[in-house]
Amino acid sequence: MSTENEGTAVPPAPSAPPVPVDAPAASTPQASEAGAPTTPIPPVPPHASGGAQGPELVHAGPAPAYASAEGGAQQGASGAPQHPGPGPEGTWPPPQSPGTPLYADGGAGGAGGAWGSGYQQPAPKPKNGRGGLVAAVLVAALVAGGIGGGLGYTLAKDNDNGSSTTLSASDSGGSVKRDAGTVAGVAQKALPSTVTIEAESTNGEGGTGTGFVFDTQGHIVTNNHVVADAVDGGKLSATFPNGKKYDAEVVGHAQGYDVAVIKLKNAPSDLKPLTLGNSDQVAVGDSTIAIGAPFGLSNTVTTGIISAKDRPVASSDGSGSNASYMSALQTDASINPGNSGGPLLDAQGNVIGINSAIQSTSGGGLGGTSQSGSIGLGFAIPINQAKYVAQQLIQTGKPVYAKIGASVSLEESTGGAKITTEGAGGSDPVEAGGPAAKAGLKPGDVITKLDDHVIDSGPTLIGEIWTHKPGDKVKITYERSGKTQTVDLTLGARTGDS
């Protein structure tokens, strides 16, 4: 994941390998693309919902410790040092633990390695008797070839009685028709509604990511970490595949969800929004198509399948300020830095997710750099969640988060999401009069299920809560003093990231 614009630019990507020349000269173009946002947060616990192990994602950066959507004790995972701090109602996001996923932009830029090695002209071989023999054989072969050609021409000429037929290849390949359901057909229809986003901060730092047309008014949906550099007075632009470039502004951004909406200035009147699908109906094995600008290579199309659903992902951009939780769609479609914010489509061309983060190997190192690349584990924010967030941002400019009103531990080995005995900054771990208090939950309770989703850690609980809207009723299963109990709970609301 990690997805793409981590605030550092990546050197330009070479368009082709160097061509050998007479004098030795190794060309070493550098890969281009600002590690744009496709998102790591606090490390995901080893066991994902349902017992599956959660991935370490690359948003490339620290993971936030955000207790159950409203904030809790920020604790390090995997033995990392603990960083106490306020939760949802306090500072956001919590510190990232080691081994978290990167944004689809990789988070950090890096120079690319050289294309191959330099060409060196071979040293001349000493002339000797054998060399002379080889030369003689070569001359003989050439002469023989000339003789054969001459004989062939003579025979053909002698046999030509004027009735020979001349064949020529057709200069027409026939009409090419691509059905709407093919990858080419889907790409042809979707590409004109995707953009490559360039974000630059006031100090000149920035990166490249992707976005797609949300409505005819010029709103573009992307990742928060793609546009984060341009939020406070920076520059923002969006370029369509036809080369037309528009200045843009940030309408609203949600760090926790890692969703942002920008609006084109002087937007064209012929915008065609992409059709939004239903991410709840996606099944493992469904075909996927990803569109983005990996390493700055705009309008790139890759394919794969849905390899898992409801994958708890905590990712960050590496700066410690942009962190998010999601219950993600996992795909093996190739996603690299620069894909962040781009659409993940189904086989019919409907948007089912926003590419946000990638699983990264510890070594990273594409082409000898420190930047991460695709290993077949990409993560996308389900479009049903992203659509709700985008609509809130367009209407009010601020995100609205669902919450239970309790601080939970972010440790990995709790066997669930444990309500802490002390809240952030000395506050009550269970908010007085909040949803959890009304449902009878107390400090020390360990939440093991939300509806039918297994909860194995605090981050998993947060990701699940945020797939819902404030006011939704959910069933909480928890353990207290060795006994399992179930209670209904109505989710509350929190506005803004701070």
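For reference, positions follow the sequence shown, starting with 1.
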- Assess whether atom NZ of Lys309 is packed by more than 12 heavy atoms of other residues, nucleotides or ligands within 6.0 Å. yes
- Message: Please determine whether the number of non-hydrogen atoms from other residues, nucleotides or ligands lying under 6.0 Å from atom CD of Gln188 exceeds 12.
- Response: no
Heavy atoms, side chains only, cut-off 4.5 Å: are [X] and [Y] in contact?
X      : Y      : result
Val430 : Ile419 : yes
Asn223 : Val259 : no
Val186 : Thr182 : no
Ile354 : Val221 : yes
Asp310 : His453 : yes
Glu464 : Ser327 : yes
Pro470 : Val400 : yes
Val454 : Thr448 : no

- Message: I'd like to know if the side chain of Asp332 reaches the main chain of Leu377, judged simply by a donor and an acceptor atom lying under 3.5 Å from each other, with no hydrogens or angles considered.
- Response: no
- Message: Treating Asp497 as the side-chain partner and Gln255 as the backbone partner, does any N or O pair qualify as donor plus acceptor under 3.5 Å?
- Response: yes
Is the closest side-chain donor-acceptor distance between [X] and [Y] under 3.5 Å?
X      : Y      : value
Ser279 : Asn384 : yes
Thr467 : Gln385 : no
Thr288 : Thr331 : yes

- When rounded to the nearest 0.5 angstrom, what distance separates OG in Ser298 from CD1 in Ile197? 11.0 Å
- Message: So, taking the atom named OG in Ser374 and the one named CG in Asn336, what distance separates them when rounded to the nearest 0.5 Å?
- Response: 5.0 Å
- Query: Does a salt bridge link Glu431 with Lys403, judged by any charged N lying under 4.0 Å from a carboxylate O?
  - Reply: yes
- Ion pair Asp445/Arg480, N-O distance below 4.0 Å: yes
- Just do the side-chain hydrogen bond (donor to acceptor under 3.5 Å, both in side chains) check on Ser307 and Gln330 with the steps written out, would you? CA-CA 5 Å; Ser307 51; Gln330 179 179 308; 3.1 Å; yes
- Task: Check Val261, Ile262, Val250 against Leu393 for a side chain to side chain contact (heavy atoms under 4.5 Å, CB included) and give me the one that passes.
- Result: Val261
- Task: Name all residues meeting the side-chain contact (heavy atoms from CB on, under 4.5 Å) criterion together with Asp488; count only those two or more places apart in sequence or in a different chain, and write none if there are none.
- Result: Lys475
- Message: Restricting to side-chain contact (heavy atoms from CB on, under 4.5 Å), what partner residues turn up for Asp346, sequence neighbours left out?
- Response: Gln348, Asn350, Ile352
- Can you list the steps and then say if Lys449 with Thr484 is a side-chain contact (heavy atoms from CB on, under 4.5 Å)? CA-CA 11 Å; Lys449 291 183 73 175; Thr484 298; over 6 Å; no
- Task: Start with the C-alpha gap between Thr210 and Thr222, add the side-chain angles, then the distance that decides, and say whether side-chain contact (heavy atoms from CB on, under 4.5 Å) holds.
- Result: CA-CA 6 Å; Thr210 308; Thr222 184; 5.8 Å; no
- Note on the structure: Between Ala267 and Gln217 the two heavy atoms that sit nearest each other are CB-O, 4.3 Å
- Message: If you apply the rule side-chain hydrogen bond (donor to acceptor under 3.5 Å, both in side chains), what do you find for Thr302 with Ser334, and how did you get there?
- Response: CA-CA 6 Å; Thr302 56; Ser334 181; 5.2 Å; no
- Item | Stepwise side-chain contact (heavy atoms from CB on, under 4.5 Å) check, Ile394 with Phe214 | CA-CA 11 Å; Ile394 292 173; Phe214 188 69; 3.8 Å; yes
- Query: Do Tyr257 and Tyr325 make the cut of ring centroids closer than 6.0 angstrom?
  - Reply: no
- Query: What orientation do Trp466 and Tyr401 show, parallel under 30°, tilted 30 to 60°, or perpendicular over 60°?
  - Reply: tilted
